[in-house]
Number of protein chains: 2
Amino acid sequence: MRNQEKDYSGVSVQALWRLPYYLNYIKSLDEAKYSCISAPIIAKALNLNEVQVRKDLAAVSNSGGKPKTGYVAKELISDLEEFLGYNSVDEAILVGVGHLGKALLSYQGFENCGLNILMGFDKDEAIIGTNVCGKQILPLDKLKDLCWRMSVNVGIITVPAKEAQMICDMLVEAGIRAIWNFAPVHLHVPDYVLVQNENLAASLAVLSKNLTESLKEK
Amino acid sequence: MRNQEKDYSGVSVQALWRLPYYLNYIKSLDEAKYSCISAPIIAKALNLNEVQVRKDLAAVSNSGGKPKTGYVAKELISDLEEFLGYNSVDEAILVGVGHLGKALLSYQGFENCGLNILMGFDKDEAIIGTNVCGKQILPLDKLKDLCWRMSVNVGIITVPAKEAQMICDMLVEAGIRAIWNFAPVHLHVPDYVLVQNENLAASLAVLSKNLTESLKEK
DNA sequence: ATTAAATCGATAACAAAGTATCGATATAGA
DNA sequence: TCTATATCGATACTTTGTTATCGATTTAAT
């Protein structure tokens, strides 16, 4: 469910997943000590293959790396951020202000990644009109109009599984072009709408399966 | 960062990610109407290839499917649940009771997936001693002892990136065998410890990259 | 009872992703 | 200045995962 997207700009989907880790790692380094950083070092730090790292970076880096020294850390950071779209901000709205919804509304880190969650929507009268981290919670019937007016491109779904498809339809109706779906269901959308699934249950399944096998081994 | 695990029991990691979607979909069907379910129907519903579905199910199903009718829905459900380990419960603890931590502690759905989060840990005096959904929040210095005594296998990390490695080390020290890591960093662990990364920033990067490309196209 | 249609499972072809190798090149140290 | 070495980038190879094809089988309809 994760790998259905085509590869754009010569970067495979899997590579795309690795890029934020590169960015993160390079940013975490002491600038003075590591003005340059090489593929082998990154590979070792992140438990990856050296060639793989080099290939991934080749697709992203504008200036390329130099033999013996590697890539200029500062340039690589900005190339990665540029490539990942952290510089251009996407406006988003979130539907379903439960525990998870609130957590996402409150999370400050998204803004560094180019995502700005403008507001939340819910059907529960009790929380409509309240604030979460300065973000207003509005009723669902305001959704369509607001999305159009503010040209919101991204919708985040954090409602229960049963309601997800209905909300999804509303979002499509409202002109949303990309959906970040936290409900554990497959959503049906028109071709021009992207869906990125964040299925905790599936993730957990992978973890638990591996754990079982790992415990069996010993 | 998602595909580093080996494939166990003849199921690739990618296939493993699809299984919960199958389970979910089959469960959502009207039992009376669909006592049997075929690979082509599942494939169509989830936008997958028919052969792929059949292959995935072949690895999971004990009784197999019959020509013309497909698989017996009830059996397939229990085979999937068995395979995914939803029947055998893993005990878990969570470290970092912020917004996300609270959301995970509150989420009821994990118990159906074989995960039981026993309690939370945090360093913040203000929340130590409180409850989240009936789960106690304890100080970090109690962690090791409690994990040993209750033979907890799974640790969930929802602390900020900077503290993640330190918490990770504590968990390893406490005998944890699998870590579900929500911090956007690569964790260093001994060979026998599993790490499953849940990197929202990375996920967002993929979404935003695809969105940019998709908007460019038109 | 016989035939037609749908599905399964297996095998084979194909595509994508990851890894190893090799020559070229820039830097650090002798 | 010259040489040794680390790293890059490109190409080739290997592995893994996906998709197409084909015969076998079961059911439903004639």
Side-chain angles (χ1 to χ4, degrees), chain A residues 1-19 21-22 26 29 33-73 75-76 79 202 206 209-210, chain B residues 1-19 21-22 26 33-73 75-76 79 202 206 210:
Chain A
M1 262 26 201
R2 261 184 198 271
N3 300 357
Q4 40 186 295
E5 290 94 16
K6 294 286 172 311
D7 66 305
Y8 298 109
S9 329
V11 179
S12 74
V13 182
Q14 339 252 13
L16 196 43
W17 275 93
R18 288 188 292 266
L19 297 184
Y21 283 91
Y22 298 152
I26 300 165
L29 296 173
K33 222 173 156 188
Y34 292 89
S35 61
C36 282
I37 181 85
S38 72
I41 291 179
I42 298 174
K44 195 166 280 180
L46 301 183
N47 252 311
L48 297 170
N49 179 287
E50 168 192 334
V51 181
Q52 185 171 55
V53 174
R54 205 173 289 132
K55 230 176 167 183
D56 290 347
L57 294 182
V60 169
S61 169
N62 290 124
S63 38
K66 276 192 210 164
K68 191 88 181 181
T69 52
Y71 305 82
V72 179
E75 287 178 15
L76 197 49
D79 286 346
V206 175
K209 184 72 196 167
N210 285 328
Chain B
M1 262 23 203
R2 256 173 206 278
N3 301 356
Q4 42 185 290
E5 289 94 15
K6 294 283 171 311
D7 66 305
Y8 298 110
S9 330
V11 178
S12 73
V13 182
Q14 342 250 19
L16 197 43
W17 274 93
R18 288 188 291 266
L19 297 184
Y21 284 90
Y22 299 153
I26 300 166
K33 224 174 155 187
Y34 291 90
S35 61
C36 283
I37 181 83
S38 72
I41 291 179
I42 297 174
K44 194 167 282 179
L46 302 182
N47 252 312
L48 297 170
N49 180 286
E50 170 192 332
V51 181
Q52 186 171 55
V53 174
R54 205 173 289 131
K55 228 175 166 184
D56 290 347
L57 294 183
V60 170
S61 169
N62 290 122
S63 39
K66 274 192 211 163
K68 190 85 181 186
T69 52
Y71 305 81
V72 179
E75 287 179 15
L76 198 47
D79 286 345
V206 175
N210 285 328

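Residue numbers begin at 1 in each chain, while the letters A, B, ... track the order of the sequences.
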Give the rounded distance in Å between these two atoms: [atom1] of [X] and [atom2] of [N].
{"X": "A/Asn62", "N": "D/dG9", "atom1": "CG", "atom2": "P", "value": "12 Å"}
{"X": "A/Leu57", "N": "D/dA10", "atom1": "CG", "atom2": "C1'", "value": "16 Å"}
{"X": "B/Trp17", "N": "D/dG17", "atom1": "CH2", "atom2": "P", "value": "15 Å"}
{"X": "B/Asn47", "N": "D/dT19", "atom1": "CG", "atom2": "P", "value": "11 Å"}
{"X": "A/Gln52", "N": "C/dA20", "atom1": "CD", "atom2": "P", "value": "11 Å"}
{"X": "A/Lys44", "N": "D/dA6", "atom1": "NZ", "atom2": "P", "value": "11 Å"}
{"X": "B/Glu50", "N": "D/dC22", "atom1": "CD", "atom2": "P", "value": "15 Å"}
{"X": "B/Ile41", "N": "C/dA6", "atom1": "CD1", "atom2": "C1'", "value": "10 Å"}

Is any side-chain N or O of [X] closer than 4.0 Å to OP1 or OP2 of [N]?
{"X": "A/Arg54", "N": "D/dC8", "answer": "yes"}
{"X": "B/Lys55", "N": "D/dT18", "answer": "no"}
{"X": "A/Tyr71", "N": "D/dG9", "answer": "yes"}
{"X": "B/Arg18", "N": "D/dT18", "answer": "yes"}
{"X": "A/Ser12", "N": "C/dA16", "answer": "no"}

Minimum-distance nucleotide (side-chain atoms of [X] versus [options]):
{"X": "A/Lys66", "options": "C/dG18, C/dC8, C/dA26", "value": "C/dA26"}
{"X": "B/Gln14", "options": "D/dA20, C/dA17, D/dG17", "value": "D/dG17"}
{"X": "A/Asn49", "options": "C/dG9, C/dA20, D/dT7", "value": "C/dA20"}

Quiz prompt | Beyond-backbone contact of B/Gln52 with B/Arg18, side-chain heavy atoms, under 4.5 angstrom | solution = yes
Quiz item: Within a strict 4.5 Å, meaning less than it, do heavy atoms of the B/Tyr21 and B/Asp56 side chains meet?
Solution: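 B/Tyr21 vs B/Asp56: side chains apart.
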Practice problem: Give one of base, sugar-phosphate or nothing for B/Ala39, where a contact means two heavy atoms less than 4.0 Å apart. | Solution: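 Sugar-phosphate, no base atom in range.
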Self-check item: Contact nearer the 5' end of DNA chain C, comparing B/Ile37 with A/Ala15
Solution: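 Counting from the 5' end, the first nearest nucleotide belongs to B/Ile37.
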Quiz item: Of the non-hydrogen atoms in B/Ser61 and B/Leu76, which two are nearest, and what is the gap between them?
Solution: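 Minimum heavy-atom contact is CB-CD1, 4.1 Å.
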Practice problem: Could you list the residues that satisfy salt bridge (Lys or Arg N to Asp or Glu O under 4.0 Å) with B/Glu75, not counting sequence neighbours? | Solution: none
Practice problem: Name the residue closer to the 5' end of DNA chain D, choosing between A/Thr69 and A/Val51 according to the nucleotide with the nearest heavy atom. | Solution: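 Comparing both residues, the 5'-ward one is A/Thr69.
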Practice problem: Tell me, with the steps shown, if B/Tyr22 and B/Ile37 meet side-chain contact (heavy atoms from CB on, under 4.5 Å). | Solution: CA-CA 11 Å; B/Tyr22 299 153; B/Ile37 181 83; over 6 Å; no
Quiz item: Got a donor-acceptor pair under 3.5 Å from the side chain of B/Lys68 to the base of D/dA28?
Solution: no
